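Shown next, in structure tokens, is the structure this report addresses.
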Amino acid sequence: MPTEAAMATPERDPLTGQYTTGHSWDGIKELRTPIPGWWLAVWLASIAFTLGYIVFNPSFPALDGTVSGDSSRTAREELAKAGAKSDATKEALRAQIAALDVDAIAADPQLARFAFRGGKAAFAVHCAGCHGSDAGGQIGQFPALVDDDWLWGGTASQIHQTIAYGIRNEEADSRNGQMPAFGDILSDREIRDVAAYVAGLGDAKVAADRRAAMPGATVFAQNCASCHGDNGEGNRDFGAPRLSDSIWLYGASQKAIEAQIRNPRMGMMPAWEKRIGADAVKMLAIYVHGLGGGEANPPPPPVAEAAIAPVVQP
Ligand code: HEC
Ligand code: HEC
């Protein structure tokens with residue numbers, strides 16, 4: 001208990017030299033150690049700040065929302081405003097996509113980014129079922145869209161055309177190209193020979209002169225080169241795949257190639273523009289083009305001499 005006598009005159013603690021408060025509990029005395037000035041100042045400043053904050057900003061919950069403060073600004077309103085701004089930006093980007101062709105969209109980085117994201121979402125819904133969610137394709141059925149091996153062309157506008165009108169369907173602008181069924185045209189032996197020749201086309205280990213001497217070389221030149229090219233380089237006008245690489249739509253084995261020669265698969269793809277709309281198709285073209293294998297547009301053809309107007313001398 002504090003004793004009355006001790007409270008009358010302030011007393012110094014002999015050990016620390018500090019005054020005591022005059023309180024003593026069973027002989028233990030309390031030192032008078034005030035709160036440091038800087039601490040008090042910070043504490044008072046935070047109280048002042050809090051009061052100011054409450055005056056100018058939304059703070060306490062109230063029955064009808066929050067106590068909104070002087071600036072009448074609420075986080076809810078700010079969110080709504082930001083949302084409206086972002087909606088307006090998206091609306092503007094969508095309008096641009098509707099107005100421009102794919103080449104113009106691809107040339108504008110902001111627009112192209114927006115279209116790529118939209119195309120990615122549409123791909124998951126409409127295309128992944130056949131081409132795979134990573135667009136890696138399925139051997140023997142659906143081509144990969146992530147490589148630079150294109151059946152029908154790899155520029156943004158060529159890809160756009162393929163997606164919009166599809167392949168081998170009833171649409172007038174559909175991509176078209178047939179490979180005859182050679183089961184009825186060639187003998188079994190010729191089919192075996194030409195398949196062996198085709199299997200070696202993409203094999204760098206088979207020397208060119210040895211390949212030319214193969215019995216299948218003549219069969220190829222007579223029956224296949226018109227579509228697949230003299231050296232099997234392929235032709236995008238007919239969707240005839242390049243045979244001189246290691247990428248195969250229907251398989252690289254002698255058996256798979258023979259099967260294709262006898263009975264070509266003739267892959268079909270539906271036309272998408274009528275189903276999902278022109279804008280979605282543009283975004284999909286930007287997406288597929290951006291997957292890694294997209295090609296740049298070829299440079300414009302050189303202007304012919306005659307087309308340049310003669311300079312008239314005065
Ligand atoms: C029903 C299955 C199917 C669906 C769904 C499908 N495709 Fe295809 N797609 C194919 C087939 C089969 C081919 C190859 C046809 C051929 O042999 O030429 C192909 C080819 C393509 C090509 C050409 C590739 C090249 O090498 O030139 C592109 C591009 C393409 N598809 C994009 C798409 C996009 C984008 C979608 C979604 C809107 C889609 N496909 C949906 C089956 C499909
Ligand atoms: C009139 C054009 C045409 C002719 C002629 C032609 N092809 Fe094709 N070939 C195509 C087309 C188009 C495709 C892709 C069609 C498909 O999806 O089945 C193709 C696909 C192939 C494939 C599949 C390639 C792959 O990546 O899996 C092989 C192999 C092939 N042809 C071999 C031949 C051989 C061998 C001959 C000659 C005996 C021949 N073709 C003649 C147009 C032709």
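Remember, it's a predicted structure, so these values are computed and weren't measured experimentally. Note that ligands are numbered from 1 as they come in the structure, with each ligand's atoms numbered from 1 the same way.
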Could you tell me, atom by atom, which parts of ligand 1 come under 4.0 Å of a heavy atom of [X]?
| X | answer |
| --- | --- |
| L284 | 38 (C) |
| R168 | 16 (C), 17 (O), 18 (O) |
| P143 | 11 (C), 13 (C), 14 (C), 19 (C), 20 (C) |

Which heavy atom of [X] sits nearest a heavy atom of [Y], and at what distance?
| X | Y | answer |
| --- | --- | --- |
| P215 | D193 | CB-OD2, 3.6 Å |
| K282 | I97 | NZ-O, 3.0 Å |
| Y197 | R211 | CE1-CG, 3.3 Å |
| I185 | P180 | CD1-CB, 4.1 Å |
| R262 | I191 | NH1-CD1, 3.7 Å |
| E233 | R242 | O-CG, 3.3 Å |

Would you say that H126 contacts I276 through its side chain, given a criterion of any heavy-atom pair below 4.5 Å between the two side chains?
yes
Output yes when the distance from some N or O of ligand 2 to some N or O of [X] is under 3.5 Å, and no in every other case.
| X | value |
| --- | --- |
| G251 | no |
| M179 | no |
| L243 | no |
| Y250 | yes |

Report whether F142 and L151 are members of the same hydrophobic cluster (ILVMFWY, side-chain heavy atoms less than 4.5 Å apart, transitive linking).
no
Protein residue, atom and distance nearest to [atom], heavy-atom basis:
| atom | result |
| --- | --- |
| atom 5 (C) of ligand 2 | N223 O, 3.2 Å |
| atom 14 (C) of ligand 2 | P241 CD, 3.5 Å |
| atom 20 (C) of ligand 1 | I167 CD1, 3.3 Å |
| atom 41 (C) of ligand 2 | F182 CE1, 3.4 Å |
| atom 25 (C) of ligand 2 | L249 N, 3.4 Å |
| atom 1 (C) of ligand 2 | C227 SG, 2.6 Å |
| atom 18 (O) of ligand 2 | M266 N, 2.8 Å |
| atom 28 (C) of ligand 1 | L145 CD2, 3.7 Å |
| atom 38 (C) of ligand 1 | C127 SG, 2.7 Å |
| atom 27 (O) of ligand 1 | W152 N, 2.9 Å |

At a 4.0 Å threshold, what atoms of ligand 2 neighbour a non-hydrogen atom of [X]?
| X | result |
| --- | --- |
| I261 | 35 (C) |
| F238 | 12 (C) |
| G239 | 11 (C), 12 (C), 13 (C), 14 (C) |
| V198 | 35 (C) |
| R265 | 18 (O) |

Applying a heavy-atom cut-off of 4.0 Å, say which part of [X] lies close to ligand 1: side chain, backbone, both or neither.
| X | value |
| --- | --- |
| V281 | neither |
| F142 | side chain |
| H131 | side chain |
| W272 | side chain |

What distance do F220 atom CZ and S226 atom OG have between them, rounded to the nearest 0.5 Å?
9.0 Å
Using the six-membered ring wherever Trp is involved, compare the ring planes of H23 and W25 and label them parallel, tilted or perpendicular (cut-offs 30° and 60°).
perpendicular
Ion pair R192/D188, N-O distance below 4.0 Å
no
Check ion pair E91-R94 (N to O, under 4.0 angstrom):
yes
Are any of the heavy atoms in Q141 under 4.0 Å away from ligand 1?
yes
Considering just N/O/S atoms, say which atom of H228 is closest to atom 8 (Fe) of ligand 2.
NE2
To which of H160, M268, M269 does the heavy atom nearest atom 12 (C) of ligand 1 belong?
M268
Under 2.8 Å from atom 8 (Fe) of ligand 1, is there any N, O or S atom belonging to T162?
no
Using a distance threshold of 2.8 Å, state whether an N, O or S atom of C130 lies below it from atom 8 (Fe) of ligand 1.
no
Quick check: does C224 put an N/O/S atom under 2.8 Å from atom 8 (Fe) of ligand 2?
no
N, O or S from Q260 under 2.8 Å to atom 8 (Fe) of ligand 2
no
